[in-house]
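For reference, the structure is listed below as structure tokens.
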There are 2 protein chains.
Amino acid sequence: MTRSPWISDLHWVRIGRQTRSQKTQEAILDSAEALFSEKGADASSMADVAAGAGCSVGAVYHHFRDKRALLYALFGRVSEDFRATTQDAVDPARWEGASIRDILKGYLEFSLELGRARPGFQRAGLEASLRDEKLRANLEEAHAELERGLTELLLARRDEMGHPDPVLATAFVLDQLGSMLRTRLDSVMRRSQLETRSDEEFMREVLVSVGVYMQISAPVETENKP
Amino acid sequence: MTRSPWISDLHWVRIGRQTRSQKTQEAILDSAEALFSEKGADASSMADVAAGAGCSVGAVYHHFRDKRALLYALFGRVSEDFRATTQDAVDPARWEGASIRDILKGYLEFSLELGRARPGFQRAGLEASLRDEKLRANLEEAHAELERGLTELLLARRDEMGHPDPVLATAFVLDQLGSMLRTRLDSVMRRSQLETRSDEEFMREVLVSVGVYMQISAPVETENKP
DNA sequence: ATTATCTATAGATCTATAGATAATGC
DNA sequence: ATTATCTATAGATCTATAGATAATGC
């Protein structure tokens with residue numbers, strides 16, 4: 001397993017030599033993730049984190065040099081997860097024989113699921129990255145990676161598109177989907193009007209919209225590819 | 001001029017009796033707006049605000065009971081601006097004879113301009129509303145108001161739409177445009193790939209996408225026929 | 001013998017106020 | 001005579017550390 005760049009000499013995290021060490025460290029990260037997601041890193045004190053992890057403040061500082069190191073380690077953990085899942089999801093082999101529509105449907109389902117599995121984390125990430133260039137760069141890079149993967153998958157199927165400029169159309173569609181997903185998953189920007197509509201209806205309309213915009217062939221009634 | 005609900009007994013703001021009073025108060029609000037937009041309310045101390053306004057901390061507290069009152073007053077000022085502009089923008093009289101395309105183009109231009117005139121404020125608003133129910137409700141209401149106005153304007157032109165469900169189509173399109181604008185204007189979520197494309201190209205593609213989705217009559221200057 | 005944890009606390013902010021001083025306008 | 005401002009500081013957090021105590025594994 002490759003170490004995340006955030007766990008480095010600069011942002012020191014102790015590598016434990018007793019078995020209990022790892023358990024505590026994970027409990028601290030879990031507690032931090034829960035707290036930071038709910039009310040942000042700044043509004044959570046190290047005492048809160050310690051309490052949530054069931055240990056003392058001193059123990060937290062034994063594992064993480066300072067609050068920033070804790071934040072980096074947490075981001076490292078989440079972004080490692082995210083990247084592993086993402087890389088797997090955009091693997092061309094996985095989508096052999098799939099249409100643009102299949103891929104986009106998969107992307108929507110995948111994102112909604114992921115976003116709901118870690119509620120609030122995206123917001124916490126955005127907030128934290130406001131104040132830290134490195135986190136921001138990391139966050140952008142993770143998103144860019146996903147976008148690159150999707151772009152390649154779609155452009156490999158440019159024959160399906162009637163749109164005169166497949167590169168532009170792909171960039172536009174990924175912007176559209178990413179933006180709409182963010183709005184939908186955002187814990188603050190919960191628009192009452194939209195919230196009444198189901199994920200299924202949302203996905204259906206998005207696919208209709210993208211379909212006519214890209215001018216891809218009408219949806220075949222047979223569904224489902226993994 | 002109606003007083004914003006935020007400037008109330010609950011969230012006390014002093015009404016000055018000397019002419020210099022108002023100047024100081026506005027200087028404080030200006031300073032707060034700049035600081036809060038740039039790094040958020042929590043990360044800005046009252047001493048920072050005072051320094052930015054060129055007065056002492058004591059003076060700030062003379063005008064605003066506490067930090068929250070300052071935040072509320074600031075939001076009141078911005079949201080009053082926003083609502084006045086918005087109400088004017090969605091006045092049906094203003095759009096007589098205009099097509100759906102005209103209206104949406106106007107919306108895009110208006111939003112991009114407004115968002116860039118107050119850079120960072122949207123983000124500051126989101127962040128602040130994370131921790132305060134009232135601000136959140138106010139922010140949502142302001143957005144809902146704009147959305148209602150636009151919805152009415154569009155549904156009054158439902159004859160232009162070939163889409164079988166104009167209500168659904170309108171809601172979807174407003175969600176799409178709102179989301180994409182937010183992404184584009186967001187100071188943090190500045191995606192490198194998108195940033196290279198101009199506002200003009202952005203607006204053009206959005207209008208193409210919405211046009212084919214809603215099935216509104218093709219733009220006068222047709223680009224490509226299927 | 002070393003590593004991990006806890007307790008207690010110093011030092012750094014930051015909010016908010018009290019009391020002194022300056023400016024305004026009746 | 002009242003209103004606005006400033007200076008100085010008390011009180012509340014919160015981060016981070018020092019030193020004491022407990023648990024681990026060679």
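Every chain is numbered from 1, with letters handed out A, B, ... down the list of sequences.
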Would you mind pulling out the nucleotide paired to D:dA16, Watson-Crick or G-U wobble, both distances under 3.5 Å?
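Here D:dA16 is engaged in a pair, and the nucleotide opposite it is C:dT9.
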Partner lookup for C:dA22, please. Criteria are Watson-Crick or G-U wobble with both distances under 3.5 angstrom; report none if nothing qualifies.
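Here C:dA22 is engaged in a pair, and the nucleotide opposite it is D:dT3.
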For [N], does either OP1 or OP2 sit under 4.0 Å from a side-chain N or O belonging to [X]?
X     : N      : value
B:T19 : C:dG25 : yes
A:H62 : D:dT17 : no
B:S21 : D:dA4  : yes
B:Y61 : C:dT17 : no
B:T24 : D:dA4  : no

Length of the line joining [X]:[atom1] and [N]:[atom2], which is rounded to integer Å:
X     : N      : atom1 : atom2 : answer
B:L70 : C:dT15 : CG    : C1'   : 13 Å
B:H63 : D:dA4  : NE2   : P     : 7 Å
A:K23 : D:dT24 : NZ    : P     : 12 Å
A:L71 : D:dC14 : CG    : P     : 17 Å
B:M46 : D:dA12 : CE    : P     : 19 Å
A:Q22 : C:dT3  : CD    : P     : 17 Å
A:R17 : D:dT24 : CZ    : C1'   : 13 Å
B:I28 : D:dA4  : CD1   : C1'   : 11 Å

May I ask you to decide if A:A89's main-chain N or O and A:W95's side chain share a donor-acceptor pair within less than 3.5 Å?
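Present.
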Side-chain (B:D88) to main-chain (B:T85) donor-acceptor, under 3.5 angstrom:
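Flag not set: sc B:D88 to bb B:T85 has no pair under 3.5 Å.
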A:Q18 side chain, from C-beta outward: closest of C:dT2, C:dA16, D:dT3:
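So the nucleotide nearest the side chain must be C:dT2.
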Listed nucleotide nearest any side-chain atom of B:R14, set D:dA4, D:dC6, D:dA16
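Shortest atom-to-atom distance from the side chain points to D:dA4.
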Given DNA chain C, 5'-ward residue of the pair B:A41 and B:R20, judged by closest heavy atom
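Upstream on the strand: B:A41.
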Test item: A:Y72 and A:V13 side chains (from C-beta on) under 4.5 Å apart, heavy atoms
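The answer is no; the side chains never approach within 4.5 Å.
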Enter the distance from A:L29:CG to A:F75:CZ here, rounded to the nearest 0.5 Å.
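Here the interatomic distance stands at 12.5 Å.
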Measuring from A:M203:CE to A:L177:CG, what's the distance to the nearest 0.5 Å?
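A:M203 CE to A:L177 CG: 11.0 Å, rounded to 0.5 Å.
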Pairwise 5' ranking along DNA chain D for B:G58 and A:D42, keeping only the more 5' one
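Between the two, 5'-proximity favours B:G58.
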